[in-house]
Protein chains: 2
Amino acid sequence: MPELTQNQIAKLSQVSQATVSRVLRGDPRVNEELRQRVLSVIEKHGYVPDARAQSLRSQRTGTLGLVVHRSPKQLARDPFFSALIAAIIEFAGKAGYHLCVDAARAVQSRQAIYEELLRTRRVDGLILVEPQTQDERMPRLLEEGFPFVLIGRYEPTDAVYSVDNDNIGAARTATEHLIRKAHYRIAYVSGPRGVFVCEDRYQGYRQALERAGIEPSSDLVAWGDFSEEHGYRAMSRLLSLPNPPTAVLAVDDLVAVGALRAVKERCRAVPQQVAVIGFNDSPFCNYVEPPLSSIAVDIRALAQIATDLLIRLIEEREVHQRRYIVPCQLVERSST
Amino acid sequence: MPELTQNQIAKLSQVSQATVSRVLRGDPRVNEELRQRVLSVIEKHGYVPDARAQSLRSQRTGTLGLVVHRSPKQLARDPFFSALIAAIIEFAGKAGYHLCVDAARAVQSRQAIYEELLRTRRVDGLILVEPQTQDERMPRLLEEGFPFVLIGRYEPTDAVYSVDNDNIGAARTATEHLIRKAHYRIAYVSGPRGVFVCEDRYQGYRQALERAGIEPSSDLVAWGDFSEEHGYRAMSRLLSLPNPPTAVLAVDDLVAVGALRAVKERCRAVPQQVAVIGFNDSPFCNYVEPPLSSIAVDIRALAQIATDLLIRLIEEREVHQRRYIVPCQLVERSST
DNA sequence: CCTTTGCCAGAATACGTATTCTCTCCACGT
DNA sequence: ACGTGGAGAGAATACGTATTCTGGCAAAGG
């Protein structure tokens, strides 16, 4: 049963298509009798507007694009992204927008996705999650004046609208927390170099060390990826150093869990001999043994701000504040 | 810098818009000289087709809809759904489709989403994840002949295309596994009644008991939701029975983790005194203490089959096999 | 009585693409 | 020489909606 069009409604009501459109849009300049005639026909036969035609005409699609800079496999594993996506779906939905999601790690396919979503006018705006420090698309997006919002950071210009965690402050807080627990050799197990989150947390870590007068050692910093496996291997290596760390700040809970595994495998007591703290306060932090201290990121706030910001950009084309920072919170559990 | 249209390209090339369209679509009936002229103009100024206009014209949007029957909050928490969504994004992308995701638990808003996505022709087809046993929209979708695929099951008619885990078989396998470990009082901590997954797993559980000649007891079955909290509370209650269970099959890893917490809180040894097994083989199964046995669901296979099936339905309107069953696999760890 | 004003609704048009229709031009066969 | 056929390209149209343009009609005003 194909959907009726305004034209068919018009014929059935014996009015013009324009009148049907006016009735539907609540235009006051339409005679009450005709209005009733049209409404009763619609009531009887049903009518749903064609979104494609509407968006061709109105230049609006009512859809936001979400591009996550991770491979689908990483996406599947990391609860942070699923929570973020879920929250964005929620807020976009509340504001009457749909959401088109894509994920891609390879630069090339990301490029294609941008073209696809944006230039083809499939979406009204874009939310980009954690682009990397050298991201070649940003200048083009800016130049084209296309509405987009970052979750994360972009350094080269401050013309970009973005929301970010206070990663530097949070990492500093976490490190200071470890220092207060009398740890002086503190390791940082990170994700890849060049990813803002990792670099920022590294900075916060360094700041805390410096403020406490601890000499930072590059031996205690391990760059890698966001996997449990990396956490395990990096921590294993660190623990076999002649002068091993007594505490570790992980860039991510998944990485922290891997580190935890390495520590337990060597039968070091947690937190007495080695303290571990992660990032994101993932649900599973409560379930691991011992429960993992972590930095809680306010995912819903990130999603909320990013979505609102983007929609304001789309609908009004102007927003005063460009950068938003969402504070994080230390969640202390038994691992520290 | 607004995107150029075929019309503008046509003017610049001094040909008609129809010719530009023909060149772009590779129509052979166009003079080589004109073709070159058009191509060089496009090369110089750039051209990206307008997806809205194309879909209005072609009746295809190149987008699939995904509707998950869970609240965004549950979505955020449960790694099963994030993995599923990620996999569907991946396969849809590979097939050249975009993905529009929505989630809603309330029946009413689900209704609205169906209307929105489907009747407005925003998507070419729909993937519905785990609808409930009494789902009032299925008949309407069928009647309208709209392409859609279920991940899960729908009983009232077998005219529906669907992919599902072998939930009955898997729950039977899990329960038999517990029986082999010499457990005779086995509890089943479930999600809500009326949700197919829960009902099917319940059936498998009962089958295993019956085959082993164990009298099933409704005291040992706890219906609830998919939360860790429910697992904890239900298991606490079960353990304080005069004749408590020595093993528990949980409908979900999250629920299993809650049950595990209840067991450990009472200082019962796992798996010696109480064995626990979950469902989904979530990443965190490895990290909890003790590592949680679970039934691994082949999420990527589910996603792959559902996506392929839907795309075939959209593009060819006919598929032979209607129901697909994906086998599950027991993953034995220390909790059993 | 004629013009102005205002209301209301149909006609026309635009959005951008894909396809059909139509016309011109040229080569070929009788 | 004239009709036939076919190639190739522009003109026209459709997809469905929203808006502007236009015109008819009646009431109001001179």
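Note that these values count all heavy atoms, side chains included, but never hydrogens, waters or copies made by symmetry. Just so it is clear: chains get the letters A, B, ... in the order the sequence lines come, proteins before strands, and each one is counted from 1.
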If I take atom [atom1] in residue [X] and atom [atom2] in nucleotide [N], what distance separates them, rounded to the nearest angstrom?
X: A:Ile42; N: D:dT17; atom1: CD1; atom2: C1'; answer: 13 Å
X: A:Arg60; N: D:dG16; atom1: CZ; atom2: P; answer: 24 Å
X: A:Lys11; N: D:dG16; atom1: NZ; atom2: P; answer: 11 Å
X: B:Asp27; N: D:dG10; atom1: CG; atom2: C1'; answer: 14 Å
X: A:Glu3; N: D:dC15; atom1: CD; atom2: P; answer: 16 Å
X: B:Leu56; N: D:dG16; atom1: CG; atom2: C1'; answer: 6 Å
X: B:Asn7; N: C:dT17; atom1: CG; atom2: P; answer: 8 Å
X: A:Arg37; N: C:dC8; atom1: CZ; atom2: C1'; answer: 13 Å

Which comes earlier along DNA chain C counting from the 5' end, the contact point of A:Val30 or that of B:Ala18, where each point is its nearest nucleotide?
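On the 5' side of the pair lies A:Val30.
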Nearest to the [X] side chain among [options], which nucleotide is it?
X: A:Gln59; options: C:dG16, C:dT19, D:dG8; result: C:dG16
X: B:Gln6; options: C:dT17, C:dG16, D:dA9; result: C:dT17
X: A:Ala53; options: D:dG16, D:dG8, C:dT19; result: D:dG16

Does [X] have a side-chain nitrogen or oxygen under 4.0 Å from the phosphate oxygens OP1 or OP2 of [N]?
X: B:Tyr47; N: C:dT17; answer: yes
X: B:Ser16; N: D:dA11; answer: no
X: A:Gln54; N: D:dG16; answer: no
X: A:Arg57; N: C:dG16; answer: no
X: A:Gln17; N: C:dG10; answer: no
X: A:Arg29; N: C:dC7; answer: no

Using side-chain heavy atoms (C-beta onward) and a distance below 4.5 Å, is A:Leu142 in contact with A:Val160?
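Result yes, sub-4.5 Å side-chain heavy-atom pair found.
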Are any of the side-chain heavy atoms of B:Tyr161 and B:Gln321 separated by less than 4.5 Å?
no
Closest contact, heavy atoms only, B:Pro49 versus B:Gln54:
CB-NE2, 3.6 Å
Smallest heavy-atom separation, A:Arg323 atom then A:Arg153 atom, equals NH2-CD, 3.3 Å
Would you confirm whether A:Gln14, through its side chain, and A:Lys11, through its main-chain N or O, come within 3.5 Å as a donor-acceptor pair?
no
Which part of the nucleic acid, if any, lies within reach of [X] when heavy atoms closer than 4.0 Å are counted: base, sugar-phosphate only, or nothing?
X: B:Thr5; result: sugar-phosphate
X: B:Leu24; result: nothing
X: A:Val15; result: sugar-phosphate
X: B:Ser21; result: base

Identify whether the distance between the nearest side-chain nitrogen and carboxylate oxygen of A:Asp27 and A:Arg25 falls below 4.0 Å.
no
Taking atom types as they are modelled, would you say the side chain of B:Arg22 forms a donor-acceptor pair with the base of C:dT20 within the 3.5 Å cutoff?
yes
